[in-house]
Amino acid sequence: SMGGLVARHALYIDAAGRALWSTLKQRDSRLVMLGTPNRGSYSPAQLLLRQHSMSQMLGLLARGVSVGDLSRFGAAFPGLMAMLPQEPDPQFGDLFDAAAWDKLVALDSGTIRPDAATLQAARDYVRGAAFEQSFKELRADPQAFYVAGTGETALQMRPAPNPWGGFFGDGGGSPVAAVEFMAGPG
């Protein structure tokens with residue numbers, strides 16, 4: 001996912017990369033993007049809400065590294081925050097805005113909040129003219145191919161209907177996530 005965004009930046013924004021891409025295209029090279037989230041992804045939000053499956057697995061397997069540690073690292077990484085959805089979430093608003101994270105923290109106090117400077121750097125990058133222009137050029141480039149992933153991608157978030165689930169003896173035993181990620185409109 002992020003590799004496709006790095007390739008997009010290198011080949012369509014960076015001056016040296018643009019020159020290299022021009023040379024490669026003359027040799028009939030192709031750029032194939034496999035599921036690259038060119039318009040953003042909820043994966044960074046899942047990480048900060050401690051719900052990303054890969055970080056949960058790593059948190060269990062790695063000595064001395066918890067899911068919270070991984071979430072704190074991700075929250076401070078502008079490149080990862082730049083992968084947030086570019087469109088506002090219908091329930092929580094613009095995830096590049098600290099106010100959206102205030103709403104999420106109000107639902108789940110364990111949510112790792114990205115700092116305002118990191119969000120600002122990510123917002124400035126994805127909403128900058130160069131990033132938008134690179135997406136237009138990518139879509140118009142006959143030597144760039146996009147292959148979408150096969151799994152369902154979360155398209156929005158919502159507060160969980162009952163975040164305590166079966167905690168009080170009605171079948172569960174532990175609280176569930178306070179925020180759900182859904183594949184379609186709620």
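We're numbering straight along the sequence, starting at 1.
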Backbone of [Y] reached by a side-chain donor or acceptor of [X] within 3.5 Å:
X: S71; Y: V67; result: yes
X: S22; Y: A19; result: no
X: T111; Y: V105; result: no
X: S66; Y: G68; result: yes

field: Pairing of D94 and R127 as salt bridge, 4.0 angstrom limit
entry: yes

message: Less than 4.0 angstrom from a charged side-chain N to a carboxylate O is my criterion; do R18 and E137 meet it?
response: yes

message: Using side-chain contact (heavy atoms from CB on, under 4.5 Å), reason through I13 and Q133 one step at a time and then give a plain yes or no.
response: CA-CA 8 Å; I13 296 175; Q133 184 60 33; over 6 Å; no

- prompt: Measuring from M83:CE to L95:CG, what's the distance to the nearest 0.5 Å?
  reply: 13.5 Å

task: Quick one: closest heavy-atom pair of G4 and T36, and the distance?
output: CA-OG1, 3.4 Å

statement: In short, side chain to side chain donor-acceptor pair (under 3.5 Å) pairs touching residues 95-107 with sequence neighbours left out are D102-R113

statement: residues 48-65 vs side chain to side chain donor-acceptor pair (under 3.5 Å), sequence neighbours excluded, gives none

message: I'd like to know if the side chain of R158 pairs up with that of Q91 as donor and acceptor (distance under 3.5 Å, no hydrogens or angles considered).
response: no

task: Compute whether any side-chain donor of one residue and acceptor of the other, for Y12 and D141, lie under 3.5 angstrom apart.
output: yes

task: Please say whether more than 12 non-hydrogen atoms of neighbouring residues, nucleotides or ligands are located less than 6.0 Å from CZ in F145.
output: yes

Heavy-atom neighbours of E132 CD exceed 12 at 6.0 Å: yes

Would you say that [X] contacts [Y] through its side chain, given a criterion of any heavy-atom pair below 4.5 Å between the two side chains?
X: L104; Y: M157; value: yes
X: L119; Y: L84; value: yes
X: M81; Y: L48; value: yes

- prompt: Does R139 count as lying over the ring of Y146, i.e. NZ or CZ under 6.0 Å from the six-ring centre, within 45 degrees of the axis?
  reply: no

query: Which of parallel (below 30°), tilted (30 to 60°) and perpendicular (above 60°) describes Y42 and F181?
result: perpendicular

